[in-house]
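Scroll down for the structure; my scribbles are underneath it.
Read the numbers this way: they start at 1 and go in the same order the structure lists the ligands and their atoms. None of the values given here were measured: they were computed from a predicted structure.
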Amino acid sequence: MRTSVLKHISNPNEFKRQLLDWAQQFREIIYLDSNNYPQKYSSYDAVLAVDAFTSIKTDYHNAFEDLKQYQQQTKDWLFGHLSYDLKNDIEKLESSNFDGLHFPDLFFFQPKKLFFLKGNQLEISYLMMCDDELEEDFENIKQYRKLKVKIQKSKVNIEQRISKEKYIEKINTMLSHIYRGDIYEANFCMEFYAENVIIDSNQTFEKLNAISEPPFAVFFKNNQHFLLSASPERYIKKEDSKIISQPIKGTSKRFEENNLDEQSKTELEQNPKERSENIMIVDLVRNDLSHTATKSSVKVEELCGIYTFKQVHQMISTIISEIDNTTSPVEILKTTFPMGSMTGAPKISAMQIIEELEETKRGLYSGAIGYFTPIGDFDFNVVIRSILYNAQEKYISFSVGSAITALSEPEKEYEECLLKARAMHEVLLS
Ligand SMILES: C=C(O[C@@H]1C=C(C(=O)O)C=C[C@H]1O)C(=O)O
């Protein structure tokens, strides 16, 4: 069904830039970049999928079943996204908060043209219907120089959907739910947005990616919908019969001065609030994975590891399990979605309270973006630290959040949100 060719790339960083610039001509684009971040479970350094041959786009009703059928019928590479609101297909929940972006709840496509980069090796894989274009495209990409078209960028005026006073009030309400025993932990998020703006999405992504260099960066385009993501977090990956989930909970500041930076890392590692919020989510993920795991196969491979990124230090745990080969890949997503790190514990009550207190429909923020392989393996990130853009409606949005537990201080949570929002602010205002 596909024709594949291997090429040697002498300058992978330059090639990645050319590849993404060349890709802009297509209506559907997913570009994934792990930015050479050292990690145990990485399959590629970068992947580009463009030009849909087939696709599926749905709201949440019956979405996982539709995706399951689409994946089983195509048995090819599929790239796309799951939005947070697919929770409504899994549980009796609803999403009635404000939405300025209007992304579909679920979108996947089977790309005609695919590129996989690992080290100096590039694999190009084209559907046979267009494999006569492969060599010519490769030559074009190598010589690709972006045309300096001046996009009439507008001044971006970023507003905050929830004021600081209201934020503190809402966190206090969240805390009263926790003291009452309704929940132990919930991730509360708020939106920053700008109206009537036109941005150069490719250039904005390049800037955001350069100042963050995260392992799960994504440039996504579906006609007028864009996601420019600098996510450091993996939601879930499947490699044969092994499932890997890597929730992040626990965030601390970076400092230029080495001593202060080390201190910030140590404080994160030892902080009882950050550790307990991480461990509660590890328990939840263990429970989620147990729905599809073979007996006694759920294991915590790493608990509360500290990882440094350009913008922040993060605490990450790795939970693994084994499945037997009759389990459908979509079933594994359905029984773990939405990811524990963006919801809370217990999950359903946390999602209900989140819906009540937040003011923006999460949509693709707090969802996942990734791919299925032809044999049904997959890899998905968590959509955070991301700019979402509806070019037709000239609307830009980025949300940030943090985990609220009994040990939370509202002022500190507010500061953590601003810290996470800093990179997005910086690139949009520069
Ligand atoms: C909600 C966000 O991040 C989530 C919350 C984190 C935390 O509370 O420490 C860390 C990673 C994410 O799971 C965000 O970046 O917007």
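Listed by number with element, the atoms of ligand 1 under 4.0 angstrom from any heavy atom of E277 are 7 (C), 8 (O), 9 (O). Heavy-atom contacts of E416 reach the following atoms of ligand 1: 7 (C), 8 (O), 9 (O) (cutoff under 4.0 Å). Using a 4.0 Å cut-off to heavy atoms of S341, the atoms of ligand 1 that qualify are 13 (O). Per-residue contacts place S402 under 4.0 angstrom from the following atoms of ligand 1 (heavy atoms of the residue considered): 8 (O). Per-residue contacts place I248 under 4.0 angstrom from the following atoms of ligand 1 (heavy atoms of the residue considered): 10 (C), 11 (C), 12 (C), 13 (O). Atoms of ligand 1 found under 4.0 Å from any heavy atom of N187 (numbered from 1 in listed order, with element): 1 (C), 4 (C), 5 (C). Close approach to E233 involves these atoms of ligand 1, each under 4.0 Å from a residue heavy atom: 11 (C), 12 (C), 13 (O). When each atom of ligand 1 is checked for a heavy atom of M342 under 4.0 Å away, the hits are 1 (C), 4 (C), 13 (O).
Nearest protein heavy-atom neighbour of atom 5 (C) of ligand 1: K249 NZ, 3.2 Å. Considering only non-hydrogen protein atoms, atom 16 (O) of ligand 1 sits nearest to Y365 OH, 2.6 Å. Here the protein heavy atom with the shortest distance to atom 8 (O) of ligand 1 is A403 N, 3.2 Å. Nearest non-hydrogen protein atom to atom 3 (O) of ligand 1 is R385 NH2, 3.4 Å. Of all protein heavy atoms, the one lying nearest to atom 9 (O) of ligand 1 is T251 OG1, 2.7 Å. G401 O, 3.5 Å is the protein heavy atom nearest to atom 2 (C) of ligand 1.
In this structure, the ring of F116 has its center less than 6.0 angstrom from the ring center of W77.
For the 3.5 Å distance criterion, the side chains of D85 and S95 qualify, holding a donor opposite an acceptor. Under 3.5 Å, the side chains of S430 and K207 contain a donor-acceptor pair of N or O atoms. Side chain to side chain, T405 and E185 fail the donor-acceptor criterion of an N or O pair below 3.5 Å.
Counting heavy atoms from C-beta on, the side chains of S321 and R286 never come closer than 4.5 Å.
Within the structure, ring pair (Phe, Tyr, Trp, His ring centres under 6.0 Å) pairs that include any residue of residues 280-319 comprise Y37-F309 (at least two apart or interchain).
Judged by a 6.0 Å distance limit and a 45° cone about the ring axis, R161 is positioned over the six-membered ring of Y193.
Distance check, rounded to the nearest 0.5 Å: CD1 of I354 to NZ of K347 gives 11.0 Å.
Here the shortest heavy-atom pairing between Q314 and G250 reads NE2-O, 3.0 Å.
The aromatic rings of Y31 and F205 sit perpendicular, their planes meeting at an angle over 60°, well past the 30° parallel limit.
Among the atoms of C189, none of the N or O lies under 3.5 angstrom from an N or O of ligand 1.
Taking only non-hydrogen atoms, the option from Q314, M424, K420 nearest to atom 6 (C) of ligand 1 is K420.
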